J.: 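Please read through the structure below; I'll follow up with questions.
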Number of protein chains: 2
Amino acid sequence: MIDTKQRILDAAERLFAEHGYEGASLRAIIADAKVNLAAVHYHFHTKEALLLAVVDRRLAPINEERLKLLEDCERNAAGRPPVVEDVLKAFIAPAFRLAQRGSHEPFMHLMGRLYGESGEVAHLVFKTQFRKVAQRFLEALARALPQLPHDELGWRVHFVIGAMAHTFRGTAVTEAVTEGFWHPSEAHPMLERLIKFLAAGLRAEG
Amino acid sequence: MIDTKQRILDAAERLFAEHGYEGASLRAIIADAKVNLAAVHYHFHTKEALLLAVVDRRLAPINEERLKLLEDCERNAAGRPPVVEDVLKAFIAPAFRLAQRGSHEPFMHLMGRLYGESGEVAHLVFKTQFRKVAQRFLEALARALPQLPHDELGWRVHFVIGAMAHTFRGTAVTEAVTEGFWHPSEAHPMLERLIKFLAAGLRAEG
DNA sequence: GTCTATAACGGGATAGAC
DNA sequence: GTCTATCCCGTTATAGAC
């Protein structure tokens, strides 16, 4: 078999995304990966560690690219405050790009879900993975919106995270709710639509 | 004991909100409710039906109030398009109000989570509970934003749902990510902040 | 490194006494 | 309507052969 470990990661990614951390059993994962149950424990020791490995594999390069893009956009600004849309795009685009080439959307769905599974294993993910990136992007947003009070910025970032995570999650829920009224169009302009929406929200009023 | 059925509903609400549908076991629920396991099956037959009952109990009156407020705000508009902020407030305020009086926040957290648990039992909830309300509010938003293409409105509603659900879910994730940079201030202006943010996003550009 | 077999436990559901 | 006792299955995890 061509790399057991990776096949486990792929299956886990897909099933965690589809059924959540609690909802996806190791047995379902090994069946999907066509692998023996013991192999999971050999390579990852525990279910929780498997989730962290799944997240790590994709998120580490995404976060690197995010930081690189943010540096680019700050270099372009040359000392002046960066543009809100550019900062948002630096954060969101890497995740979307990865999702489109290579069909890694399961991972995006998973990340979207983890925002909702607060309180358990999910917190580990955010604490270990996002601390550094979040710090840098918050500073950039604060510079991009100098007139916005600190406290208000925090709330708006909270709303931004919500809209972003929900978009990562896919449109299934919205389609169920807006049934007959709306069906999602092509995916590409989605990124631009999202950024436009969020930037307007961040700049609201004065 | 003063009403077994209600104590089960209360415990289920809290634990489903805290650990998700899969993560909260019936045994944990009956322990919290100080009730026997068989009582759950007697009153609700199945775990899934219990979740639906939990949601129904609170969501039915909330959705009634939403429709009433929407009618009010359309009557005030007297034939002219309603104001975006008013439509948003008619939808969001009833959930917030219930959460603040009586301390029913567990239910809001639960609803927020269900948006993320797409694909399973959660879809049942949305299909059975939101169809009518969603239809009415979508029409109202379309009238409030006549210049916005139908397709674009759908996407923006999608973003609105995301920000709203995440706010219902509480700020734990955002606090973990923005640690040291932000701590949520008092809850009351939150509703106004959210509506201002969403309205600006809905009206973005032209 | 990969398998089989099994341990040890917790899950939802049910029968039947009271 | 409420309880005890139990069924039966799926769960994670591990021991030990190959």
Side-chain angles (χ1 to χ4, degrees), chain A residues 1-57 110 113-114 116-117 119-125, chain B residues 1-57 106 110 113-114 116-117 119-125 128:
Chain A
M1 290 298 173
I2 24 148
D3 210 12
T4 301
K5 199 167 171 180
Q6 275 212 327
R7 289 225 314 291
I8 295 172
L9 284 172
D10 291 341
E13 177 174 83
R14 213 163 50 69
L15 291 172
F16 281 149
E18 217 165 300
H19 303 114
Y21 175 72
E22 309 264 7
S25 70
L26 288 184
R27 300 179 116 89
I29 291 170
I30 60 125
D32 189 276
K34 294 185 198 349
V35 160
N36 191 276
L37 176 57
V40 177
H41 290 101
Y42 174 78
H43 286 291
F44 304 98
H45 305 306
T46 154
K47 188 185 182 184
E48 181 172 319
L50 173 59
L51 173 66
L52 293 178
V54 165
V55 172
D56 240 74
R57 175 172 67 150
L110 171 58
R113 280 194 80 122
L114 287 182
E117 305 199 350
E120 305 99 78
V121 206
H123 266 196
L124 254 182
V125 173
Chain B
M1 290 297 174
I2 25 148
D3 210 10
T4 301
K5 200 167 171 179
Q6 274 211 331
R7 288 225 317 290
I8 294 173
L9 284 172
D10 291 341
E13 178 173 83
R14 213 164 49 71
L15 290 173
F16 281 148
E18 218 165 299
H19 303 115
Y21 175 71
E22 310 263 7
S25 70
L26 287 183
R27 300 180 121 89
I29 290 169
I30 59 124
D32 189 276
K34 293 184 196 355
V35 160
N36 190 275
L37 175 57
V40 177
H41 291 100
Y42 174 78
H43 285 292
F44 303 100
H45 305 305
T46 155
K47 189 185 181 183
E48 181 172 320
L50 172 59
L51 173 66
L52 293 178
V54 165
V55 172
D56 240 75
R57 174 172 67 151
L110 172 58
R113 280 193 82 121
L114 287 181
E117 303 199 351
E120 307 97 79
V121 205
H123 267 197
L124 254 183
V125 173
T128 58

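Naming: A, B, ... by sequence-line order, numbering from 1 per chain. Please read these numbers as outputs of a predicted model, since none were measured by experiment.
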J.: For the NZ atom of B:Lys5 and the CD1 atom of B:Ile8, what is their distance to the nearest 0.5 Å?
T.: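 Interatomic distance, B:Lys5 NZ to B:Ile8 CD1, rounded to 0.5 Å: 9.0 Å.
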J.: Just the rounded figure in Å: distance from P of C:dT14 to NE2 of B:His43.
T.: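 Whole-Å distance recorded here is 16 Å.
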J.: Polar-atom pairs under 3.5 Å, protein N or O versus N or O of nucleotides 16-18 of chain C: list them with distances, or write none.
T.:
none

J.: For a quick test of reading the model: is some side-chain N or O of B:His45 closer than 4.0 Å to OP1 or OP2 of C:dT14?
T.: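 B:His45 to C:dT14 OP1/OP2: no side-chain N or O under 4.0 Å.
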J.: Between B:Leu15 (CG) and C:dG11 (P), how many Å, whole number?
T.: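 These atoms are roughly 12 Å apart.
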J.: When you match A:Leu26 and B:Tyr42 each to their closest nucleotide on DNA chain D, which lands nearer the 5' end?
T.: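 Counting from the 5' end, the first nearest nucleotide belongs to B:Tyr42.
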J.: Any side-chain N or O of B:Thr4 below 4.0 angstrom from OP1/OP2 of D:dT2?
T.: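 Answer is yes, contact under 4.0 Å.
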J.: Give a yes/no answer on whether the side chain of B:His41 brings an N or O atom under 4.0 Å of OP1 or OP2 in C:dA13.
T.: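 For C:dA13, OP1/OP2 do have a side-chain N/O of B:His41 under 4.0 Å.
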J.: For residues 39-52 of chain A, please give each side-chain donor-acceptor pair under 3.5 Å, one per line with the distance, not counting sequence neighbours.
T.:
unit_1	atom_1	unit_2	atom_2	d
A:Thr46	OG1	A:Glu48	N	3.2
A:Lys47	NZ	A:Tyr21	O	2.9
A:Lys47	NZ	A:Ala24	O	3.0

J.: Round to a whole Å and report the spacing from CD of A:Glu22 to C1' of D:dG10.
T.: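 Result: 14 Å.
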J.: If I take atom CG in residue B:Leu37 and atom P in nucleotide C:dA15, what distance separates them, rounded to the nearest angstrom?
T.: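 Rounded to whole Å, this separation is 14 Å.
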J.: For a quick test of reading the model, state the closest non-hydrogen atom pair linking A:Ala122 to A:Glu117 and the distance between them.
T.: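 Smallest heavy-atom distance, with atoms named: CB-O, 3.3 Å.
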J.: What are the two closest heavy atoms between B:Ala17 and B:Pro106, and how far apart are they?
T.: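 Closest approach of B:Ala17 to B:Pro106, heavy atoms only: CB-O, 3.1 Å.
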J.: Nearest whole Å is fine: how far is D:dC3 C1' from B:Ile30 CD1?
T.: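 After rounding, the reported distance stands at 12 Å.
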J.: Which of residues 46-53 of chain B have a heavy atom under 4.0 Å from DNA chain C?
T.: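 Going residue by residue through residues 46-53 of chain B, the ones with a heavy atom under 4.0 Å of DNA chain C turn out to be B:Thr46, B:Lys47.
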J.: Taking side chain to side chain donor-acceptor pair (under 3.5 Å) as the test, write out the residues that go with B:Arg57, two or more places apart.
T.: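 Partners of B:Arg57 under the side chain to side chain donor-acceptor pair (under 3.5 Å) test: B:Asp10.
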J.: Within less than 4.0 Å of OP1 or OP2 of C:dG11, is there a side-chain N or O belonging to B:Ser25?
T.: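 For B:Ser25, the contact criterion (side-chain N or O under 4.0 Å from OP1 or OP2 of C:dG11) is met.
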J.: Given atom NZ of A:Lys5 and atom P of C:dT2, what is their separation to the nearest angstrom?
T.: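 So the two atoms are 10 Å apart, to the nearest Å.
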J.: Could you pull out the closest heavy-atom pair between A:Lys34 and A:Arg7, with the gap in Å?
T.: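 Taking A:Lys34 first and A:Arg7 second, the nearest heavy atoms are O-NH2, 3.2 Å.
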J.: Rounded to whole Å, please give me the gap between CZ in B:Arg27 and C1' in C:dC9.
T.: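 Taking atom C1' of C:dC9 as the reference, CZ of B:Arg27 is at 11 Å.
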J.: Give the minimum heavy-atom separation between A:Arg113 and A:Glu18, together with the two atoms involved.
T.: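 In this case the closest contact between A:Arg113 and A:Glu18 is NH1-O, 3.2 Å.
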J.: How long is the line joining NZ of B:Lys34 and C1' of D:dT2, in whole Å?
T.: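 It is 18 Å, rounded to the nearest whole Å.
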J.: Over the length of the helix from C:dG1-D:dC18 to C:dC18-D:dG1, how much do the five-pair end axes diverge, rounded to 10 degrees?
T.: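 It comes to 0° between the two terminal axes.
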J.: Just verifying a value: how many Å separate B:Thr4 OG1 and B:Asn36 CG, rounded to the nearest 0.5 Å?
T.: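 Reported value, rounded in 0.5 Å steps: 10.0 Å.
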J.: Say you draw a straight line from CG of A:Leu114 to NE2 of A:His123; how long is it, rounded to the nearest 0.5 Å?
T.: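 Answer rounded to 0.5 Å: 10.5 Å.
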J.: Using a 3.5 Å cut-off and no angle test, enumerate the donor-acceptor pairs between side-chain atoms of residues 25-32 of chain B and protein atoms at least two apart in sequence or in another chain.
T.:
unit_1	atom_1	unit_2	atom_2	d
B:Ser25	OG	B:Ala28	N	3.1
B:Asp32	OD1	B:Arg14	NH2	3.0
B:Asp32	OD2	B:Arg14	NH2	2.2

